[in-house]
Amino acid sequence: DFDRLGGFDERYFLFYEDIDLCLRANQHGIPTELAAGWVVEHLGAHSTSSRFAAALQWSYESGCRFHRAHGHPVAAFRLYVVADATLRSVAHLVRRDRRAAAAYRRLAGLAARELLSRSD
């Protein structure tokens, strides 16, 4: 089924490639399910990686593409990102993870600037 659907769409990254794949599967009559017993463990300190801020920005851009492609209001997504990234930044400051807090602050700023400057 994965191959028949064309695999993951490379336009989407981090959270959107799986949503897109499930939507396409459903459109082709392939059911999708949640398997409650699965556990995924991330190895390493991803939020402190030097690439974390870039991954957040790439995911944000992917989200904008996804919502635009599916006819969803991108401005609403941007507003969500501003609120979510701001709260995550504060949470990481409480945990004393300054690098992650700074990455989320930058993301909130980017989304806020684009929210104010774009009409989509």
Review point. Atom CD of Glu10 and atom CG of Asp20: how far apart are they, to the nearest 0.5 Å?
Key: 12.0 Å
**Study point:** Non-neighbouring partners of Arg11 that pass side-chain hydrogen bond (donor to acceptor under 3.5 Å, both in side chains), sequence neighbours left out
**Key:** Asp9
Check your understanding: Hydrophobic cluster mates of Phe8, side-chain heavy atoms under 4.5 angstrom, ILVMFWY only, any path?
Key -> Phe2, Leu5, Leu21, Ile30
Practice item. For residues Leu23 and His70, determine if any side-chain heavy atom of one lies less than 4.5 Å from a side-chain heavy atom of the other. Key: yes
Review point. Do His92 and Tyr104 have side-chain heavy atoms sitting under 4.5 Å apart?
Key: yes
Practice item. Mark yes or no for whether Arg24, through its side chain, and Gly7, through its backbone, hold a donor-acceptor pair below 3.5 Å. Key: yes
Check your understanding: Going by the angle between their ring planes, with limits at 30° and 60°, are Tyr16 and His67 parallel, tilted or perpendicular?
Key -> perpendicular
Practice item. Compare every heavy atom of Ala108 with every heavy atom of Val82, then report the nearest pair and how far apart it is. Key: CG2-O, 3.7 Å
Exercise for review: List the atom of Tyr60, the atom of Glu114, and the distance in Å for their closest heavy-atom pair.
Suggested key: OH-OE1, 2.7 Å
Practice item. Answer yes or no: is there a donor N or O on one side and an acceptor on the other, between the side chain of Ser62 and the main chain of Trp58, under 3.5 Å? Key: no
Revision key, fill the gap. Note: Leu115 and Ala75 closest approach over all heavy atoms is CD1-O, 3.4 Å
Review point. Would you say Tyr80 and Phe13 are hydrophobically clustered, going by side-chain heavy atoms of ILVMFWY under 4.5 Å?
Key: yes
Practice item. Determine, using the 4.5 Å side-chain heavy-atom cutoff (strictly less than), whether Leu56 and Leu87 are members of one ILVMFWY cluster. Key: no
Exercise for review: Go through the steps for Arg105 and Leu93 under the test side chain to side chain contact (heavy atoms under 4.5 Å, CB included), then give the verdict.
Suggested key: CA-CA 11 Å; Arg105 256 192 329 275; Leu93 280 175; 4.2 Å; yes
Exercise for review: Can you see which heavy atom on Phe77 is nearest to which on Cys64, and at what distance?
Suggested key: CE2-N, 3.6 Å
Study note, to complete from the structure: Tightest non-hydrogen contact, residues Ala111 and Val81, listed as CB-CG1, 3.7 Å
